[in-house]
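One structure is given here, and the rest of the page talks about it.
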Number of protein chains: 2
Amino acid sequence: MPISNKELLEQKLQASGARITKPRKAILDIIATSEHPLSAMEIFERAQTQAPNIGLVTVYRTIDTLKSLGLVDHIHGSEDCQTVFRTASGHRHLLSCTDCGKSVYFDGVLAEKEFQRIGREHGFTVSGHLLQLFGLCTKCKGE
Amino acid sequence: MPISNKELLEQKLQASGARITKPRKAILDIIATSEHPLSAMEIFERAQTQAPNIGLVTVYRTIDTLKSLGLVDHIHGSEDCQTVFRTASGHRHLLSCTDCGKSVYFDGVLAEKEFQRIGREHGFTVSGHLLQLFGLCTKCKGE
DNA sequence: GTGCTTGCAAATTCTTTGCAACTTT
DNA sequence: AAAGTTGCAAAGAATTTGCAAGCAC
């Protein structure tokens with residue numbers, strides 16, 4: 001059996017020299033298992049069940065650490081642009097449900113060449129892009 | 001000679017029932033002529049030369065009005081997600097220079113079908129997307 | 001004149017910083 | 001024991017709201 005998402009995050013965090021504390025474990029657990037991007041406040045609220053005295057500040061600081069290690073991505077939504085989601089390996093983009101927020105990664109390599117071409121047409125050398133898809137997931141379509 | 005971008009914005013704003021005031025004229029002028037997305041603060045600072053007593057609040061309120069009329073788009077950047085840029089007609093996406101901020105719209109229809117397909121693969125019905133390209137513009141490449 | 005707009009000031013909300021006490025290693 | 005972490009409280013930054021005065025129509 002492969003190690004869980006949470007354990008992987010923990011290992012990588014520890015490997016960077018950071019200490020694995022109770023508040024951090026709670027935060028990692030929440031991020032590792034969430035099906036949708038989370039705001040600092042959401043993480044904070046959920047973390048309180050696991051680490052009662054946790055401070056919102058710790059959530060912000062841990063998110064910063066995880067971001068700088070590339071373990072979470074900053075996700076843009078039409079309303080909230082301050083959410084994070086666990087990183088996927090490879091070049092991936094997010095597909096999110098507009099109803100429940102459920103999100104999955106998809107492979108974005110296909111679009112690459114096309115993006116370069118569009119840039120050239122306008123005299124730009126394209127070096128990056130922001131791509132996210134929105135729609136209804138299977139479950140929310142049925143309701 | 002076709003009417004200017006600014007005049008077009010003014011007409012549409014007025015057509016919605018809103019009044020054309022001095023602060024609004026200043027804001028429209030700035031948005032209509034900007035080559036890159038603007039934050040409320042940037043608009044505010046520039047507007048002061050045209051309307052000395054303008055308040056930052058008015059900028060926020062005018063932006064809200066323009067957004068709800070679909071005359072400006074909310075633009076996402078890697079750092080600042082609170083900027084606006086004039087809307088383009090048709091289905092368009094933004095290509096922005098990472099150095100000077102210069103932005104141009106490009107036609108995004110090509111990608112549509114591909115996005116639908118990706119969604120289907122994951123059980124989603126794709127209804128929207130967020131796509132922005134980043135790179136260096138002609139001018140900034142040379143420097 | 002009527003009623004939408006404005007600018008000010010105050011209130012909110014979100015995020016960051018300073019710091020002494022506390023854990024992890 | 002040493003050094004990284006934590007939570008609190010306070011500071012900052014960004015945005016929104018209440019309201020009387022002002023301006024567009």
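Chain A is the first sequence line, chain B the second, and so forth, proteins listed ahead of strands; every chain is numbered from 1. In what follows, every heavy atom counts, from backbone to side chain, and hydrogens, waters and symmetry copies are set aside. What you see is a predicted model, and the numbers here were worked out from it, not measured in a lab.
If you take OG on B/Ser96 and NE2 on B/His93, they are separated by 12.5 Å, rounding to the nearest 0.5 Å.
Residue B/Ile43 contributes atom CD1, which lies 15 Å from atom C1' of D/dA14 at whole-angstrom precision. Nucleotide C/dA9 holds its C1' atom 16 Å from the CG atom of B/Asn53, rounded to whole Å. The nearest whole Å value for the distance from the CD1 atom in A/Ile54 to the P atom in C/dT23 is 14 Å. Spacing between atom CG of A/Asp80 and atom P of C/dC14 amounts to 9 Å, rounded to whole angstrom units. Rounded to whole angstrom, the span from the CE atom of A/Met41 across to the C1' atom of C/dT16 amounts to 14 Å. Atom pair A/Asp64:CG and D/dG4:P shows a separation of 17 Å (rounding to whole Å applied). Rounded to whole Å, atom C1' of D/dT15 lies 11 Å from atom NZ of B/Lys67. What separates CZ of A/Phe44 from P of D/dT6 is a distance of 13 Å, to the nearest Å.
Nearest to the side-chain atoms of A/Pro23 among the listed nucleotides D/dG7, C/dT15, C/dG7 stands D/dG7. Candidate nucleotides D/dT6, C/dC8, C/dT6 were compared by shortest atom distance to the side chain of B/Val57, and C/dC8 ranks first.
Taking the nucleotide of DNA chain D with the nearest heavy atom to each of B/Ile20 and A/Leu56, the more 5' of the two is matched to A/Leu56. The residue among B/Arg19 and B/Lys22 whose nearest nucleotide of DNA chain C lies closer to the 5′ end is B/Arg19.
Using a 4.0 Å cut-off, some side-chain N or O of B/Gln14 falls inside it from OP1 or OP2 of D/dC25. Considering only side-chain N and O atoms, A/Thr21 lies under 4.0 angstrom from the phosphate OP1 or OP2 of D/dT6. In this model, the phosphate group of D/dT16 is not approached by any side-chain N or O of B/Tyr60 to a distance below 4.0 Å at OP1 or OP2. The side chain of A/Arg24 contributes an N or O atom lying less than 4.0 Å from OP1 or OP2 of D/dT5.
Under the 6.0 Å cut-off for aromatic ring centres, A/Tyr105 and A/Phe85 qualify, their centroids lying closer than that. Here the two rings, on A/Tyr60 and A/Phe44, have centers that are 6.0 Å apart or farther.
For A/Lys139, the NZ atom is loosely surrounded, since the number of other residues' heavy atoms within 6.0 Å does not exceed 12.
Clustering ILVMFWY residues whenever any of their side-chain heavy atoms sit less than 4.5 angstrom apart, transitively, puts B/Val57 in a cluster other than the one holding B/Ile63.
B/Arg61 comes within 4.0 angstrom of a nucleotide base, judged by non-hydrogen atoms across all strands. B/Ala18 comes within contact range of the sugar-phosphate backbone alone, with a heavy-atom separation under 4.0 Å but no base atom that close.
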